[in-house]
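Proteins get letters first, then strands, A, B, ... in listed order; numbering begins at 1 in each.
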Number of protein chains: 2
Amino acid sequence: MRSVTVDHPRGTRVRGTKQASAVAAALASLPGFRSAQEIHAELRRQGETVGLTTVYRHLQVLSEQGVIDTIRDPSGEALYRQCGSTAHHHHLTCRECGRSVEVEGRVVEQWAERVAAEAGFTAVNHTVELFGLCPDHSAARN
Amino acid sequence: MRSVTVDHPRGTRVRGTKQASAVAAALASLPGFRSAQEIHAELRRQGETVGLTTVYRHLQVLSEQGVIDTIRDPSGEALYRQCGSTAHHHHLTCRECGRSVEVEGRVVEQWAERVAAEAGFTAVNHTVELFGLCPDHSAARN
DNA sequence: CTGTTAATGATAATCGTTTCTATTATCAGT
DNA sequence: ACTGATAATAGAAACGATTATCATTAACAG
């Protein structure tokens, strides 16, 4: 394994910092979708010195790189998660614990494309989120 | 036509106010999805005296009643729209102008149910939003 | 080592939304 | 029509999530 200094458009470099790997590590270890603030709190709890600003910055970068997935909970808050598959997929997430299952959606993609074409829309992208209660948290309800 | 005083759980009443009808009227006339602030601005522009708080309150009520639909744009902002169909459906919305097309999604509902059942999740609800460029705004791109 | 400069992080600002609360206005009962 | 009880209003302030500012710190190429 080799620590790489990545090339940027104009000869600029990206530096490998403690915080960058800390955020990545946190995402890799946390099992479900978490908010930026939760991730920040978790890192602080582990004794890492990371600013909230920095956490947001890295989450944004990782998200743009496609390394992590971003969804929005019903209140509009952004949640982040490092996913197993880099391929396009959707999520079924527990409202209580953030635990999530990756689900493929060939059917949905096709449906979206068809619908968009029929309406004459272009540059269409879709967001499909499933929220519910995972088996562990289903019991509490009646 | 009869102006009705609706019954509430505990003998309370709901009053018909100028603001309530103003918000409803604005939603009925505006063609696409609009944010609360846009609706508020629109009402003010028309000379209506409505507070932003009041707009939010009515939007919330109307949304709970199922009279209007609420979606979230990619930034997490809530958008509102009075829809033709009261049945369950989804939307294909223009990123530029908010113009939207109602689309049914039997396929998606079934897919969501199947996926949820397979994962053992309960009380699952899904959000499916399509954003793109309507025919009028597709031209601007190349 | 050292200089350059990307990265950091505390603070402040912003944005959408909600709460607080004193005031206003609706409407049922006269 | 009048009036009293109280639902509804609206501005201000509070709020939580996110972003911008900017002085300071620390990677890393040489």
* For D/dG11, take OP1 and OP2 only and decide whether either is under 4.0 Å from a side-chain N or O of B/R44. => yes
* Structure fact -> Value for CG (A/L30) from OH (A/Y80), rounded to nearest 0.5 Å, stands at 14.0 Å
* Asked: For the side-chain hydrogen bond (donor to acceptor under 3.5 Å, both in side chains) test, which of B/R81, B/Q82, B/H89 pairs with B/D69?
  -> B/H89
* To do: Taking all non-hydrogen atoms of both residues into account, name the closest pair between A/C97 and A/R34 and its distance.
  => O-NH1, 3.0 Å
* Between atom CD of B/E48 and atom NE2 of B/H40, what is the distance when rounded to the nearest 0.5 Å? -> 11.0 Å
* Does B/R45 come within less than 4.0 Å of B/E42, counting only side-chain N to carboxylate O? -> yes
* To do: Rounded off to whole Å, could you give me the CZ-to-C1' distance for the B/R15 and C/dT23 pair?
  => 13 Å
* Asked: Does OP1 or OP2 of C/dT8 have a side-chain N or O of A/H58 closer than 4.0 Å?
  -> yes
* Structure fact -> Overall bend of the helix from C/dC1-D/dG30 to C/dT30-D/dA1 (five pairs an end, 10° steps) is 30°
* Within the structure shown, what part of the strands sits under 4.0 Å from B/T17 by heavy-atom distance: base, sugar-phosphate, or nothing? -> sugar-phosphate
* Side-chain N,O (B/R57) to OP1/OP2 (D/dT9) below 4.0 Å -> yes
* To do: Please check the phosphate of C/dG9 (OP1 and OP2 only) for any side-chain N or O of A/Q19 closer than 4.0 Å.
  => yes
* To do: Assign a letter to each nucleotide of nucleotides 11-21 of chain C from its 5' end: B, base within under 4.0 Å of a protein heavy atom; S, sugar-phosphate only; -, no contact.
  => B----BBBB--
* Asked: What pair of heavy atoms forms the shortest contact from A/C94 to A/C134, and how long is it?
  -> SG-N, 3.4 Å
* So, the side chain of B/R95 versus the backbone of B/F131: is there a donor-acceptor pair under 3.5 Å, distance only? -> yes
* To do: Return yes if a side-chain donor-acceptor contact under 3.5 Å exists between A/E113 and A/H126, otherwise no.
  => no
* Asked: Between D/dT9 atom C1' and B/H40 atom NE2, what is the distance in whole Å?
  -> 12 Å
* Under the 3.5 angstrom rule, does the side chain of B/S138 hit a backbone N or O of B/L133 as a donor-acceptor pair? -> yes
* So what does B/T49 touch, heavy atoms closer than 4.0 Å: a base, only the sugar-phosphate, or nothing? -> sugar-phosphate
